[in-house]
Q: 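Below are the structure tokens for one structure; questions will follow.
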Amino acid sequence: MAEGTLSPVEERARASVERAPLVAPGRTRGWISDYVSSIVEAKTPRWWWVAISITGTLLLVLIACTTYLVATGVGVWGNNHPVGWAWDITNFVFWIGIGHAGTLISAILFLTRQKWRTSINRAAEAMTLFAVICAAIYPTMHVGRVWMSWFLIPVPNANGIWQNFRSPLMWDAFAVLTYFLVSVLFWYTGLIPDLATLRDRATTKVRKFFYGILALGWRGGNRQWRHYEMAYLLLAGLSTPLVLSVHSVVSFDFAASVIPGWHTTIFPPYFVAGAIFGGFAMVLTILIPARAVYRPLGDLITVSHIDKMCKVLLFTGSIVGYAYLMEMFMAWYSGNPFERATFWYRATGPYWWAYALMILCNVAVPQLLWFRFFRTHVIWVFVIAMFANVGMWFERFVIVATSLTRDFLPSSWGMFHPTWVDIAMFAGTFGLFGTLFLLFIRFLPMICMFEVKAVLPSANPDSGGKL
Amino acid sequence: MSLRPDQKFDYRHVGYGFLAACALSALAFFGLLIGAILDVRQFAFSYLFAFVFFFTISLGALFWVIVHHAVDAEWSVVMRRQLENSACLFSALAVLFIPLVFVAPDLWAWMDPANAGNPVLQEKAAYLNRPFFWGRTLVYFAVFIGSAYLLRAYSVAQDASGSVRCTIYNRRVAFASIVPLALCVTFAAVDWLMSLDWHWFSTIWGVYLFAGAALSSLCVLVLVVTALRSVGYFKGLITEEHYHILGKLLLAFTIFWAYIGFSQYMLIWYANIPEETSYFILRNTGSWNVLSILLVVGHFVVPFLLLLPSLGKRRPGFLCGVAGWILAMHLLDVYLMVLPELHRTGFRPSILDLLAVLAIGSTLVAVFLKALGDSALYPIRDPRLQQSIDLQN
Amino acid sequence: MANFFPKWTNQLPWKVVICLGVLTLSIAAAVTYYFTPKFTRVGYQPTQPVPFSHALHVDQLGMDCRTCHSFVEVASHSNVPSVQTCMSCHTQIKPDSPKLAPVRAAWNGGKMDGPPVNWVRIHRLPDYVYFNHAAHVNRGVSCYSCHGNVNTMEVVYQHEPQSMSWCLDCHRQPENALRPPSEVFNLNWKATSAHEQYQLGSRFKAEWGVNPPTDCGGCHR
Amino acid sequence: MDIAGNPSSPLYGVGAEFASAVDLVRVAKELRAAGYESFDVFSPFPIHGMDKAVQSRRSPLGRIVFIGGLTGFLAAVALQYIPSAVIYPLIVHGKPFGFFAIPAYFPILFETTVLFSAFTAFIGLLMMIGLPRFNHPLFNWDRFKGVSADGFFAVIESRDPKFSKDETGRFLESLGGSNVTVIHED
């Protein structure tokens, strides 16, 4: 075919293989610094006060409930025999799962050179940290005597005993703690150059002082950048297996047991996929409103970004669906009557509605994302992400509750009913999460400015280096 | 449109290699035939082992082509044709599967009428029965072959027309293939390997086979690309930047394989449920245990440590060495999936193991060489070709 | 426009790091010493309602432990002597000592219905620990091992931390404590050397099949 | 030439501002070609190819982190093996406690390795780039604030053997630098 006489179909095809720009055209480095910093520097908007008073109230509820729980005992939860792990562990796994997207975006997408991550990684990493904090509350409370939880840390003590390092719960303590600490380091390392921006723009003494301290005296010379880039790469390289390991270890809590419905070998990758799924859903849940409030952010977090995140959502949702299928199939294929009964009970027992919700939200609804229409209309994306959030909570609930309510012996069967403390604490963790996030967008740059500047077309002086 | 010499494979480079591969294949098959007459069970297991090994390589190649299109990748454009060629070996593999049909009851004991009364088997009879089994096998090959051929056909068509539409079509084929591929791989792994011992089950099994497939096909890609480079192709197209990415992917999938393998082993070891541990008890006893330990060290520790520093990943020669080593370990991995079910007392090598690998391997090499010259060595008019060549890490 | 932070701040991070390090180390050291039974328990010496002197009764008068703590060889619990035990001597000896007033009040002329003597307990194991005196005493573990030289104490105090790790020290290596059965109640007995103790202890351990539990269920039944 | 900082304090160097990342890479190459050693180029983001332009060696951080990770790994081996197999050997869930329990020791081995590596990376980074350092002569230069927004700077330090205040300044100007400034300490 001669050039210049392209058919309309071919024309459209050409257009659709064009890469969408990562930052809307016309946005310069200066604009990025000015706009992103201005979010932090401007007078606190009214909606922020409204929002934080809501989340703060919920946070107070959490504090009150936690105090009540510590003072009274774990019995104020609905946990019982046989359901010793209930909403607490469900919520723990739910939050820790949400805490996976941030590091995934920062680390894995960094290693795979997915440059679109730059606009969303900061907020996602912050979300990770806050979610892990929310998650950590539950196992800490669940140990019962909270003041004894230091027993999880291997230090020499007057009891002459040591932790059982072969226990999945111990692995969990190590994994979650490591994950939190490494994520903090990773997040802070990424913040340093942006904190320097805020420092350099600061006009008040208080700002100069605090941002000056936090920026550590960053100057942005090549002598610093070259080590900085290496350190960032290394931290990304370390975080990648770490992020996979954390939810795998969480899955070991269940899968290393012999309880039907828990003991299944696909749990580690399945949990990881679920965590990424839930985490991305939460990132979308937060960023879409943020884009709506701060409209120019739409030039940095473009529809193309949302589209890509939706593809991740679709992919991981499908992996989760695959895992549901495999669990069901293998339960049947195993020929083990307990396995078969457990899964039959899951789908048809008194908790069938939770199972149905889980399938609907995690597998069925995300299939809409096969269509570009749903991926590029933020309202739809928001709705689907909400479904995913709900679905992932129910997934954890289905796993925890259905396997425990039915023991091997019918005489020890029982149901779970949440108490008001269960419900209020769960709501309260959203308050904690929201409060921390609101504080974050108020005081720290929510877009990684220097990385976005680096993906602007003008930033890359092409240099040689071919073989 | 005629291809430039550097775009088209010249058979002079293999000399009589093509004929040699054909001859070797014929000889090996003759040997196998004799072996099958002497010891049909040994033949059945050896042949399945060799078949699965080569099957995973094609499977992995198909997976990478699909990933390439699905994520709209850039860097892999120059080497995509070689992946397509490897993926298209599925039609040959379908033919090579036929001998297994004749020895099926010797291989898959559940087909043996003598076992029909087994209560566990009766529980699973709705899945493990002959008509359904063969039907599924047909579906697997249909999906694999269909997907691989469509992807390659559009890609080759683009060489001639330069139409970007081919890219779009391929993207659609890739998207449409993902779900069927995942299901087919899983159930093929269940049917051909897991059902060798019908008591045993593991939900991650399909993923485990897939992890090995993705890794070993990358190794084959490294070897093929380097071989082609060594005879003068891909000059200025495939640079050390590409090798660097391949090296990183090798490292990533080495870790992924270990992760999946560890998950499966650790959970079964930890829970210690009799019907599950049987698989690993068999492989962790006596001389099999030596090979199992070798697998852990050779398939994970060694390549992991070799691939960790960034220097080696940019050296084609080094990377080829590692790729060859991983392939050998993948061979061992598949061996340990299949053969312990036959020699339950310990490792007993047989000449048929070797002959089966030679027979299937040389046949596939011949088919591959044939495909190599059928089209350009890389998608010469892919819209992203230039970006792929200009790759910077 | 000058620097916002003065020059001396450049050294500040190091100083902060060093201070934090020292602080952490001292907190760790303080906790390891002050927050353990070695500090909180050892030396506990309450005032008893009756100034009973073990030094007088055991060391000078030569009474055996079992004279008063009479169940120690047969029961898990080593009893505090009853008023009757005291009065079996003190009706004769120093019957009018004012120091013995609470004992006499409890005895109440033999009717034993007076207010009991409120001895203050010194060695206190938590409820969740199972401890059997008889099992220890009959297998060559001396009173001394857990209570120290009570025979020389004017007023009894806690001599050993009796923490879990302290229990385990002995349960793991009983040969360092086992002694000839005849010497269990001789609180002054001591092997001539650590080596002899080890040899003796190892012999007894082997002969009597002493195999103290070190799993959780051994004590937390 | 402008002057930043306290002119009576010791001289730190001479700096100039450039227009773009492309310029800065060129400047770095030129400075290197002219034989300067103690200079640095400043930018709001890391510039691809700059390491090559200033001919800096690959950051040794990778090796340091490897050592940190190895330390973490060995620490975890000791932490788990000594208490579990030597100090307090217990048989739980019917598993061995010694070497053959490796699968059960593995998660913590991994986590601790990562933890140590990450802290080594972070602390190693700070050591290597000399932070935290709150007071620096460059902060005396007002225009330098732009480095964290969209400014590109090159600064030649006075300790460079080839340094001479006027000539170096002129050289920077000839490379296209604007706002050439002599920077003193405060």
Side-chain angles (χ1 to χ4, degrees), chain B residues 75 202 204 208 239-241 244 247-248 251-252 254-274 276-277 279-281 283-286 289-290 292-297 299-301 304-315 387 390-393, chain D residues 21-22 25 45-53 56-74 76-77 80-81 84-85 90-118 120-121 124-125:
Chain B
W75 71 274
S202 166
I204 209 173
Y208 180 69
T239 65
E240 65 179 17
E241 302 287 341
H244 196 174
K248 285 193 269 194
L251 176 63
T254 299
I255 296 171
F256 183 67
W257 176 88
Y259 166 63
I260 299 296
F262 175 77
S263 298
Q264 174 170 276
Y265 179 80
M266 198 279 286
L267 290 174
I268 289 176
W269 173 86
Y270 204 105
N272 217 358
I273 299 174
E276 289 186 350
T277 44
Y279 181 86
F280 286 113
I281 286 177
R283 285 156 182 81
N284 284 1
T285 308
N289 193 25
V290 178
S292 293
I293 292 170
L294 174 65
L295 185 69
V296 174
V297 176
H299 206 309
F300 172 63
V301 180
F304 175 74
L305 290 177
L306 288 176
L307 289 168
L308 203 54
S310 62
L311 282 176
K313 283 180 275 206
R314 297 177 78 91
R315 294 197 189 129
Q387 285 107 306
D390 294 339
L391 176 72
Q392 286 284 315
N393 254 306
Chain D
V22 185
V25 173
F45 51 85
I47 299 171
H48 206 88
M50 184 59 94
D51 291 353
K52 228 169 245 163
S56 60
R57 279 178 296 120
R58 201 182 149 78
S59 171
L61 211 50
R63 268 163 282 161
I64 296 170
V65 169
F66 182 78
I67 293 167
L70 199 64
T71 314
F73 181 81
L74 295 176
V77 169
Q80 296 192 80
Y81 189 78
S84 308
L90 268 186
I91 293 177
V92 274
H93 38 66
K95 297 289 185 301
F97 43 72
F99 179 76
F100 291 103
I102 276 191
Y105 291 137
F106 195 81
I108 293 182
L109 282 181
F110 171 78
E111 302 294 344
T112 315
T113 309
V114 170
L115 186 68
F116 274 59
S117 309
T120 317
L125 167 70

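Here is how names work: the chains are called A, B, and so on, in the same order as the sequence lines, proteins then strands, and each is numbered from 1.
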Q: Can you check whether chain B and chain D share any donor-acceptor pairs under 3.5 Å, and give the atom names and distances if they do?
A:
residue, atom, partner, partner atom, Å
D:Arg58, NH2, B:Ser310, OG, 3.2
D:His93, NE2, B:Tyr270, OH, 2.9
D:Lys95, NZ, B:Tyr270, O, 2.9

Q: How about B:Phe280: does its CZ atom have over 12 heavy atoms from other parts shown lying under 6.0 Å from it?
A: yes

Q: Got a sec: does the CG of B:Leu305 have more than 12 other heavy atoms crowding it under 6.0 Å?
A: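 It does: B:Leu305 CG has more than 12 such atoms within range.
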
